[in-house]
Amino acid sequence: MYNAASLKAEEFICHEEIEATLAYADAHKHDRELIGSIIEKAAGYKGLSHREASVLLACEEPDLNEKVCQLAEQIKKDFYGNRIVMFAPLYLSNYCVNGCLYCPYHAKNKHIARKKLTQEEVRDEVIALQDMGHKRLAIEAGEDPVNNPIEYILDCIKTIYSIHHKNGDIRRVNVNIAATTVENYRKLKEAGIGTYILFQETYHKESYEHLHPTGPKHNYAYHTEAMDRAMEGGIDDVGLGVLFGLELYRYEFAGLLMHAEHLEAVHGVGPHTISVPRVKHADDIDPEAFDNSISDEIFEKIIACIRVAVPYTGMIISTRESEEVRAKALRLGISQISGGSRTSVGGYTEEERPHDTEQFDVSDQRTLDEVVRWLMEGGFIPSFCTACYREGRTGDRFMQLCKSRQILNCCHPNALMTLQEYLEDYASPETKAIGEKLIAAELSNIPNEKVRSITIDHLAAIKEGSRDFRF
Ligand code: SAM
């Protein structure tokens with residue numbers, strides 16, 4: 001029986017409810033009146049239910065689909081402005097005991113080089129990331145209780161936060177590791193992590209069990225209920241995602257929104273972020289083996305529909321996607337992107353991009369400086385801000401900031417100040433010139449006069465060598 005507030009995976013992600021939702025969406029894909037009323041509801045910026053959003057995703061009326069995209073763009077602009085938060089993944093270890101069929105780290109893959117960073121190597125990687133200009137990381141590891149126990153992850157977090165190289169500083173560490181216990185989530189919280197990210201991979205239980213034939217990840221309920229344990233352990237910000245290509249995208253979309261509704265129903269706050277990875281080629285992995293791959297057009301539609309359905313949830317896209325796809329996705333709703341990423345263990349300290357321990361092929365291979373410049377040329381403000389989390393604006397407090405539309409007096413100046421830091425410390429002369437102009441022009445978009453004047457003072461101080469101002 002479907003129950004969004006249940007703590008049982010099979011009740012809050014109820015297969016029958018998803019099937020009924022998909023049938024309902026299919027039956028109404030040409031129902032202009034219903035679709036029009038859903039778009040109208042979404043235009044109130046209060047979000048949509050999984051059923052309503054599923055109708056929009058199924059909609060086959062071109063002009064109405066266009067309206068959904070326009071609304072997604074508008075919501076993106078109104079809530080997130082033109083800021084794009086930058087981050088990089090840091091792969092700690094590719095030892096893994098699971099058997100995930102789509103992942104090159106699966107235990108049976110004997111030809112991938114296994115590697116786990118020592119604390120000294122973590123240090124080198126972090127310095128390399130700081131030297132690029134990164135302030136926010138997402139750490140990644142395979143699941144292996146012997147090689148990567150929670151103590152190892154905690155040690156790495158400690159090391160990362162302890163390194164201050166030149167003006168470099170990692171100010172927020174998000175964590176993407178396998179589902180774990182409440183006790184371990186509590187330890188991660190105490191270690192000062194930002195978001196706990198865990199991709200569901202697929203919400204379809206039967207497929208999930210088939211795709212994860214061996215290892216602890218085989219347990220669908222344990223994996224699906226992980227976010228509840230994370231929140232019980234005190235982590236306010238959790239990040240959802242599915243790996244598109246494994247199952248039917250409409251099924252995943254409904255499941256993803258049901259998961260968000262569940263978190264809201266039980267914990268009073270929805271997911272902080274939603275990621276939209278697609279299966280990529282990797283060592284031992286041929287994406288063609290999964291027959292549910294989606295076109296770029298469908299991918300963009302999914303992003304637009306998520307944007308209108310959960311307007312307060314940040315959306316993340318990685319370098320799995322090409323520059324071209326990322327450009328469109330940014331307009332439709334993405335608020336965070338990675339740049340200059342290496343998906344191999346120890347990859348940042350290598351001169352050449354190494355492939356032997358890579359988790360997936362990177363489509364966007366540009367440097368961070370190139371991505372930053374490209375964003376600015378497209379009218380976006382790359383932001384290295386980590387203020388919310390450090391000011392305790394997590395969970396529902398962050399949502400309040402969004403809902404009260406104070407973002408322009410808070411996130412906007414923070415974005416400009418952290419961009420100024422980047423320009424001073426890491427940018428190429430060309431990027432710096434573009435950035436200086438952008439910052440000067442964007443100052444006028446800070447509505448509060450006092451905030452604007454403080455920001456101007458801080459920007460001047462940054463040029464003089466001061467760092468780390470925030471509202
Ligand atoms: N091992 C952790 C777990 O079990 O959740 C998470 C870390 S894993 C390094 C990060 C994510 O990469 C996975 O959750 C999966 O969705 C994604 N991934 C795995 N193989 C992939 C592939 N071939 N292409 C794209 N993404 C992939």
Side-chain angles (χ1 to χ4, degrees), residues 87-107 109 112 114-117 137-145 147-150 152-153 156 174-180 184-185 188 195-203 207-208 211-220 222-227 229-230 238-247 252 256 273-290 292-294 299 316-322 325 338 341-345 347 355 357-364:
F87 78 100
L90 171 58
Y91 282 75
L92 301 177
S93 166
N94 63 3
Y95 282 95
C96 194
V97 296
N98 287 314
C100 315
L101 298 188
Y102 49 83
C103 180
Y105 293 175
H106 68 82
N109 186 354
I112 194 166
R114 297 287 167 178
K115 199 167 172 194
K116 168 187 166 180
L117 298 180
L137 300 184
I139 55 172
E140 314 270 342
E143 179 167 18
D144 186 327
N147 286 299
N148 325 325
I150 193 72
Y152 169 71
I153 304 291
C156 292
N174 296 333
V175 174
N176 184 4
I177 60 164
T180 184
N184 286 348
Y185 286 125
L188 287 170
T195 312
Y196 172 65
I197 301 163
L198 180 69
F199 299 158
Q200 177 64 28
E201 320 300 4
T202 174
Y203 283 97
S207 300
Y208 181 95
L211 288 160
H212 306 95
T214 52
K217 196 164 172 176
H218 177 72
N219 188 334
Y220 174 82
Y222 190 73
H223 188 82
T224 312
E225 293 160 9
M227 294 313 192
R229 291 194 301 280
V238 298
L240 304 180
V242 289
L243 189 52
F244 284 103
L246 300 179
E247 244 302 335
E252 305 294 25
L256 194 56
T273 54
I274 288 180
S275 301
V276 286
R278 287 196 279 187
V279 182
K280 294 277 304 175
H281 172 267
D283 178 71
D284 210 33
I285 306 297
D286 174 9
E288 305 278 317
F290 306 97
N292 291 306
S293 67
I294 49 174
F299 185 60
I316 303 178
I317 204 167
S318 75
T319 53
R320 288 177 183 85
E321 300 299 335
S322 65
V325 169
S338 45
S341 304
R342 300 261 168 116
T343 64
S344 45
V345 182
H355 295 293
T357 62
E358 234 176 10
Q359 198 200 8
F360 52 81
D361 288 358
V362 167
S363 294
D364 187 341

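Note that ligands are numbered from 1 as they come in the structure, with each ligand's atoms numbered from 1 the same way. The figures that follow rest on heavy atoms only: side chains count, while hydrogens, waters and symmetry mates do not. Just so we're clear, the structure is a prediction, and the values are computed from it rather than from any experiment.
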Report yes if [X] has an N/O atom closer than 3.5 Å to an N/O atom of ligand 1; otherwise report no.
X      : answer
Arg320 : yes
Lys280 : yes
Lys217 : yes
Tyr105 : no
Glu143 : no
Ala141 : yes

**OP:** Please identify which atoms of ligand 1 are closer than 4.0 Å to at least one heavy atom of Val279.
**Re:**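 That gives atoms 24 (N), 25 (C) of ligand 1.
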Original post:
Under 4.0 Å from any heavy atom of Leu198, which atoms of ligand 1 are there?
Top reply: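 Those of ligand 1 that fall under 4.0 Å from Leu198 are 5 (O).
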**OP:** State, without any angle test, whether Lys115 and Ser344 hold a side-chain donor-acceptor pair at a distance under 3.5 Å.
**Re:**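 Distance-only check fails for Lys115 and Ser344.
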Subject >> Under 3.5 Å side-chain donor-acceptor pair for Glu247 and Asn292 >> reply: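 No, no side-chain donor-acceptor contact under 3.5 Å.
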Got the closest protein heavy atom to [atom], with its distance?
atom                    : result
atom 23 (N) of ligand 1 : Tyr102 O, 2.9 Å
atom 19 (C) of ligand 1 : Gln359 NE2, 3.1 Å
atom 6 (C) of ligand 1  : Asn176 OD1, 3.4 Å
atom 16 (O) of ligand 1 : Glu201 OE1, 2.5 Å

Original post:
Do Asn148 side-chain atoms and Tyr95 backbone N/O form a donor-acceptor pair below 3.5 Å?
Top reply: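 Checked: pair present.
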**OP:** Could you tell me if any non-hydrogen atom of Arg278 lies under 4.0 Å from any atom of ligand 1?
**Re:**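 The answer is yes: ligand 1 sits under 4.0 Å from a heavy atom of Arg278.
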Original post:
Going by the angle between their ring planes, with limits at 30° and 60°, are His223 and Tyr208 parallel, tilted or perpendicular?
Top reply: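 Rings of His223 and Tyr208: tilted, 30 to 60°.
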